[in-house]
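Heads up, the thing below is written out as structure tokens.
Chain identifiers are assigned alphabetically (A, B, ...) following the order of the sequence lines, protein sequences preceding nucleic acid strands; residue numbering begins at 1 within each chain.
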Amino acid sequence: AQSVTQLDSQVPVFEEAPVELRCNYSSSVSVYLFWYVQYPNQGLQLLLKYLSGSTLVKGINGFEAEFNKSQTSFHLRKPSVHISDTAEYFCAVLTGAGSYQLTFGKGTKLSVIP
Amino acid sequence: NAGVTQTPKFQVLKTGQSMTLQCAQDMNHNSMYWYRQDPGMGLRLIYYSASEGTTDKGEVPNGYNVSRLNKREFSLRLESAAPSQTSVYFCASSLKGAGYGYTFGSGTRLTVV
């Protein structure tokens with residue numbers, strides 16, 4: 001069975017500073033990885049996903065993530081954050097593109113300080 | 001473009017009462033899902049429907065039942081609500097498997113007293 005660990009439950013960062021949200025996964029088979037964002041009182045939106053190919057994945061709103069198979073990580077980065085990036089971010093893993101069970105991490109709350 | 005619509009948005013139940021959470025999508029997606037979200041727990045899969053006519057248990061199915069009424073609609077029923085079922089419930093859909101990415105509804109906040 002796969003699992004996802006988000007190493008930080010809360011990350012405060014000043015506006016225009018860079019940020020990295022960490023995600024590690026465990027799985028004995030090939031995985032597909034996702035980052036979702038949840039703004040207050042809303043559902044989740046897909047930020048980006050890694051299925052295959054280039055290990056550097058670019059998503060919406062200037063975010064990117066790098067798949068590192070040897071370190072079983074999929075960290076999310078943004079070079080300069082804005083107030084509007086304040087939200088909760090979820091990493092998720094899927095074993096097999098045809099699978100139906102997406103396993104989510106517990107989430108990281110990003111707070112951008114003016 | 002409504003996407004995924006959930007009703008109701010808020011609900012308060014007394015212990016032992018029953019209710020059905022409704023979900024409908026207008027994107028012609030094949031697969032639909034029900035998750036619950038609890039503080040510090042992330043999202044946990046309750047049930048999913050890979051395609052019309054099929055349903056399967058997820059990680060936390062106890063106390064719930066589902067119906068895939070047609071391709072558009074996937075309902076979640078609590079037969080006898082318990083305080084442990086206080087949560088935010090999200091419905092999601094995807095074109096086929098989860099690898100295509102989910103589209104989420106805006107959630108139903110349920111409180112069981």
Side-chain angles (χ1 to χ4, degrees), chain A residues 1-10 21 23-25 27 29-53 57 59-60 63 65 67 74 87-109, chain B residues 2-7 9-10 21 23 25 27 29-52 54-61 66 68 74 87-109:
Chain A
Q2 67 270 25
S3 67
V4 178
T5 302
Q6 291 184 245
L7 297 163
D8 304 296
S9 59
Q10 299 189 52
L21 305 184
C23 173
N24 285 89
Y25 67 91
S27 176
V29 297
S30 296
V31 295
Y32 303 86
L33 294 155
F34 304 78
W35 277 99
Y36 283 82
V37 60
Q38 184 179 32
Y39 299 105
N41 299 313
Q42 293 186 26
L44 281 72
Q45 300 174 31
L46 180 64
L47 264 183
L48 49 80
K49 62 182 177 182
Y50 171 78
L51 300 183
S52 64
V57 181
I60 61 172
F63 283 93
F67 172 59
F74 191 55
E88 190 160 17
Y89 293 79
F90 292 92
C91 183
V93 64
L94 182 71
T95 51
S99 176
Y100 295 92
Q101 298 203 39
L102 195 59
T103 299
F104 286 86
K106 295 184 178 181
T108 298
K109 290 185 179 178
Chain B
V4 178
T5 303
Q6 292 184 236
T7 55
K9 294 191 181 301
F10 301 94
L21 281 65
C23 175
Q25 52 90 9
M27 297 169 289
H29 283 176
N30 292 299
S31 306
M32 298 184 74
Y33 313 81
W34 277 105
Y35 279 86
R36 60 177 289 172
Q37 182 180 28
D38 302 292
M41 300 291 291
L43 280 82
R44 293 179 291 170
L45 183 63
I46 304 171
Y47 272 93
Y48 67 98
S49 171
S51 60
E52 186 179 355
T54 69
T55 60
D56 285 285
K57 295 178 180 179
E59 180 185 353
V60 288
V66 291
R68 183 74 183 266
F74 188 40
S87 187
V88 181
Y89 291 85
F90 287 100
C91 178
S93 69
S94 66
L95 180 60
K96 197 173 181 181
Y100 289 82
Y102 289 174
T103 300
F104 280 86
S106 58
T108 295
R109 188 173 295 272

Not counting sequence neighbours, which residues clear side chain to side chain contact (heavy atoms under 4.5 Å, CB included) with B:S94? List them please. B:S31, B:Y33, B:Y102
Which region of B:L43, side chain (C-beta onward) or backbone (N, CA, C, O), has a non-hydrogen atom less than 4.5 Å from a non-hydrogen atom of chain A, or is it both or neither? both
Under 4.5 Å from any heavy atom of chain A - which part of B:Q6: neither
How far does OH of A:Y32 sit from CG of A:L51, to the nearest 0.5 angstrom? 7.0 Å
Quick one: what part of A:Q101 sits under 4.5 Å from any heavy atom of chain B, side chain, backbone, both or neither? both
Heaviest contributor of heavy-atom pairs below 4.5 Å to chain B, chosen from A:Q6, A:E88, A:Q38, A:K109, is A:Q38
Check whether any side-chain heavy atom of B:M27 lies under 4.5 Å from a side-chain heavy atom of B:V4, and answer yes or no. yes
For the candidates B:K9, B:R109, B:Q37, which exhibits the highest count of non-hydrogen atom pairs separated by less than 4.5 Å from chain A? B:Q37
Kindly write out the residues that satisfy salt bridge (Lys or Arg N to Asp or Glu O under 4.0 Å) with B:D38, not counting sequence neighbours, or none if the list is empty. B:R36, B:R44
Geometric class of the A:Y50/A:F67 ring pair [parallel <30°, tilted 30-60°, perpendicular >60°]: parallel
